[in-house]
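Here is the structure we will look at.
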Amino acid sequence: MNASTTTRTGRIQARRAARGPVTEYAARAGLTARGVIYLLVGVLALQIAFGDSGKQADRGGALAEIAQKPFGAVVLWALGLGLLGMALWRLSEVVFGSAGPDGGEAKKRLLSAGRCVFYSFVAYSVLSFAAGARGSGSGSSDRQSQDVTAKVLGLPAGQWIVGAAGAGIVVAGVWVGTRAVLRKYHKKLKLGEMSTRTRRLVDVTGVGGGAARGLVFAVAGSFAIRAAVEFEPDQAKGMDNTIRSFAGTPAGPWLLVCVAAGLVLFGLFSFAMARWRRV
């Protein structure tokens, strides 16, 4: 057996391992962990909408809520490890391509790389919180956003960088919401394994949840653009204040209720993806 044959065989075996049961379990654990966090954020946002302004509707608030419950530490570790599994799954997609005929395209690998970096950071923050570094995962997303914005605005061309980042987040939010409304997630699901009723329920969570998630991203990006234009880092908002801002629209708190309910739906949709997604 020559060197090229050995290399080719090694690649085939590595690809099979990357798409084997371990990677599948890691992906499904990650999707479940994401679902838990979004579900809790949505519930916290609903509590804010109905008058409990002391809650923090972001990842930090969700982690703090979990920590207060019985066996909270165990759940935190499970969530952190699940999100780490998500990051490793996305890394395998970067190296070997994702499921589907177009999974090896460069743009697909690039998206997976971005998701890998994002979920690696989230997993690190959750695991750090579980290990006792309470400032790591439970800090206010609003303060973190403002601190980062202030640092970037202090750089040469900082306004352009913050503005471009905000525009990118707006575009990402519109992309996420549009794909959800068009049910683009169908091609990632094992639809043949679902009953008609189950598929309808999944569509309710997928469309409603994806639209709400995309709206939150887009509004957060618009606040970043405003911070760049006004050269004022306090205009930047994290997830918590972005969600709260919906109560200040002409629709009043009812828009906040709708967005919060949408985030709950996205949490449920993540559970459905954990069950039926093609990996």
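Residue pairs meeting the ring-ring contact (aromatic ring centres under 6.0 Å, His included) criterion with at least one partner in residues 195-234, sequence neighbours excluded, are absent. Among residues at least two apart or in separate chains, salt bridge (charged side-chain N to carboxylate O under 4.0 Å, His left out) pairs with a member in residues 65-92 are Lys55-Glu65, Glu65-Lys69, Arg90-Glu93. Residues in residues 201-217 take part in these salt bridge (charged side-chain N to carboxylate O under 4.0 Å, His left out) pairs, two or more places apart or across chains: Arg183-Asp203. Among residue pairs with one or both ends in residues 218-239, those qualifying as salt bridge (charged side-chain N to carboxylate O under 4.0 Å, His left out) are Arg226-Glu230; sequence neighbours excluded. Judged as a ring-ring contact (aromatic ring centres under 6.0 Å, His included), not a single pair has a partner in residues 67-88 (not counting sequence neighbours).
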Show the atom names and distances, to 0.1 Å, of all donor-acceptor pairs under 3.5 Å that link a side chain in residues 147-167 to residues at least two apart or in another chain.
residue	atom	partner	partner atom	Å
Thr149	OG1	Ser145	O	2.7
Gln159	NE2	Ala228	O	2.7

Could you pull out every donor-acceptor pair under 3.5 Å between side chains of residues 260-275 and any protein atom, sequence neighbours left out?
residue	atom	partner	partner atom	Å
Ser270	OG	Arg34	NE	3.0
Ser270	OG	Arg34	NH2	3.2
Ser270	OG	Phe266	O	3.1

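Here Arg115 pairs with nothing under the side chain to side chain donor-acceptor pair (under 3.5 Å) rule; sequence neighbours left out. Scored by the salt bridge (Lys or Arg N to Asp or Glu O under 4.0 Å) test, Arg244 finds Asp240 as partners (sequence neighbours excluded). Not counting sequence neighbours, Thr32 has no partner by the side chain to side chain donor-acceptor pair (under 3.5 Å) test. Qualifying side chain to side chain donor-acceptor pair (under 3.5 Å) partners for Thr196, counting only residues two or more places apart in sequence or in other chains: none. Looking at residues two or more places apart in sequence or on another chain, you find no side chain to side chain donor-acceptor pair (under 3.5 Å) involving Thr249.
Residues Ser195 and Thr198 have side chains that bring a donor and an acceptor to within less than 3.5 angstrom of each other.
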